[in-house]
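Remarks on the structure that follows.
For reference, positions follow the sequence shown, starting with 1.
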Amino acid sequence: MPKLNQQPIEQPFNSIAKVYDREFTHTQTGVLQRKRVYNYLQRYVSTYSNCSVLELNCGTGEDAIWLAKQGCSVLATDISETMVAVTKEKVLENKLETNITCQRLGIQDLEQLNSNDKYDLIFSDFGGLNCVSPKELKKISIVLQRLLKPNGRFIGVVMSRFCWWETLYFTFKGQFKKAWRREAKEAIAAPLTLATTVDTWYYSPKEFGHLLQMEFHCQQTYPIGFMLPPSYLDNWFKNKPSLLRGLNQLEKWTPKVCARWSDHYMIVLRPKKN
């Protein structure tokens, strides 16, 4: 397979590594959305004995730590050297060195991994796959399929093409371009900090499944953040804990069909062949 052109996204993510947990992971909305991810993910992790996981875009290692605590062995990868460094610190703090291996590796360079190593799960959380263009996703799917065991699953948490929270919020603010930015077919420059952006593509569940259809069957989708708000609304909810608790309860009852209108959705894909 030809080597893909790697997007120059290391530096933007390096710049937010030290503050990412404070500004997203440990926010009220971030914690609640991640709990929904874990609620669904646990169903798949528990089906494997000694589950082996390849994590893409591991960020600060929050998911790698959780997976290891569920008994999984994890290869945690990320294109950002600073993100990987933060993950290594957490691994040491939690004494999980025997369960988690960290490696700096961009998702576009997965062909560098040993093709003889196969995984029960390949997992990418909270929009890491949105940093990959449609063309690259098609090419990467070939490698992902090769790296999975015959009964393995590829699970991604992807930013959807439409989020009603976002459209309503920015419409009320009179920022109509932002209100409908997810509808763009081309990449948009999504801000990470005041000085840095990263190219971002938005995908509906149908679009994402179609891009990977040569190698994968779409097995299921789940809503992540249909009733729960996006993390950038966290400040507004800080003094409204009862309202957020109510929204979290409604999130638990949200039907799967709402995945297409959620802030994120979890998509579960089964390889067609190995």
Under 3.5 Å donor-acceptor pairs involving side-chain atoms of residues 207-216, not counting sequence neighbours:
{"residue": "Glu207", "atom": "OE1", "partner": "Arg161", "partner atom": "NE", "Å": "2.8"}
{"residue": "Glu207", "atom": "OE1", "partner": "Arg161", "partner atom": "NH2", "Å": "3.4"}
{"residue": "Glu207", "atom": "OE1", "partner": "Ser204", "partner atom": "N", "Å": "2.8"}
{"residue": "Glu207", "atom": "OE1", "partner": "Ser204", "partner atom": "OG", "Å": "3.4"}
{"residue": "Glu207", "atom": "OE2", "partner": "Arg161", "partner atom": "NE", "Å": "3.2"}
{"residue": "Glu207", "atom": "OE2", "partner": "Lys185", "partner atom": "NZ", "Å": "3.4"}
{"residue": "His210", "atom": "ND1", "partner": "Gln213", "partner atom": "NE2", "Å": "3.2"}
{"residue": "Glu215", "atom": "OE1", "partner": "Ser141", "partner atom": "OG", "Å": "2.8"}

Trace of the side chain to side chain contact (heavy atoms under 4.5 Å, CB included) decision for Leu148 with Arg270: CA-CA 9 Å; Leu148 278 171; Arg270 175 172 53 85; over 6 Å; no
Donor + acceptor pair across side chains of Asn130, Thr200 (<3.5 Å): no
Quiz item: cation-pi between Arg22 and Tyr20, 6.0 Å / 45°: no
Heavy-atom pair with the smallest gap, counting every atom of Leu129 and Gly156: CD1-CA, 3.9 Å
Set of ring-ring contact (aromatic ring centres under 6.0 Å, His included) partners for Tyr44, sequence neighbours left out: none
By ring-ring contact (aromatic ring centres under 6.0 Å, His included) - contacts of Phe123 (at least two apart): none
Nonpolar side-chain network containing Phe176, other nodes, edges under 4.5 Å: none
Atom pair CG/SG of Leu121 and Cys72 - distance to nearest 0.5 Å: 7.0 Å
Residues which pass salt bridge (Lys or Arg N to Asp or Glu O under 4.0 Å) with Arg43, listed by chain and number, not counting sequence neighbours: none
Partner residues of Ala187 under the side-chain contact (heavy atoms from CB on, under 4.5 Å) criterion, sequence neighbours left out: Asp199, Trp201
Tyr232: ring-ring contact (aromatic ring centres under 6.0 Å, His included) partners, not counting sequence neighbours: Tyr169, Phe170
Under the side-chain contact (heavy atoms from CB on, under 4.5 Å) test, residues paired with Asn57 that sit two or more places apart: Asp78, Ile107, Ser124
Non-neighbouring partners of Leu243 that pass side-chain contact (heavy atoms from CB on, under 4.5 Å), sequence neighbours left out: Trp236, Phe237, Lys240, Leu247
Residues in ring-ring contact (aromatic ring centres under 6.0 Å, His included) contact with Phe126, at least two apart in sequence or another chain: Phe24, His264
Under the side chain to side chain donor-acceptor pair (under 3.5 Å) test, residues paired with Asn94 that sit two or more places apart: Lys69
Listed partners of His26 passing side chain to side chain donor-acceptor pair (under 3.5 Å), at least two apart: none
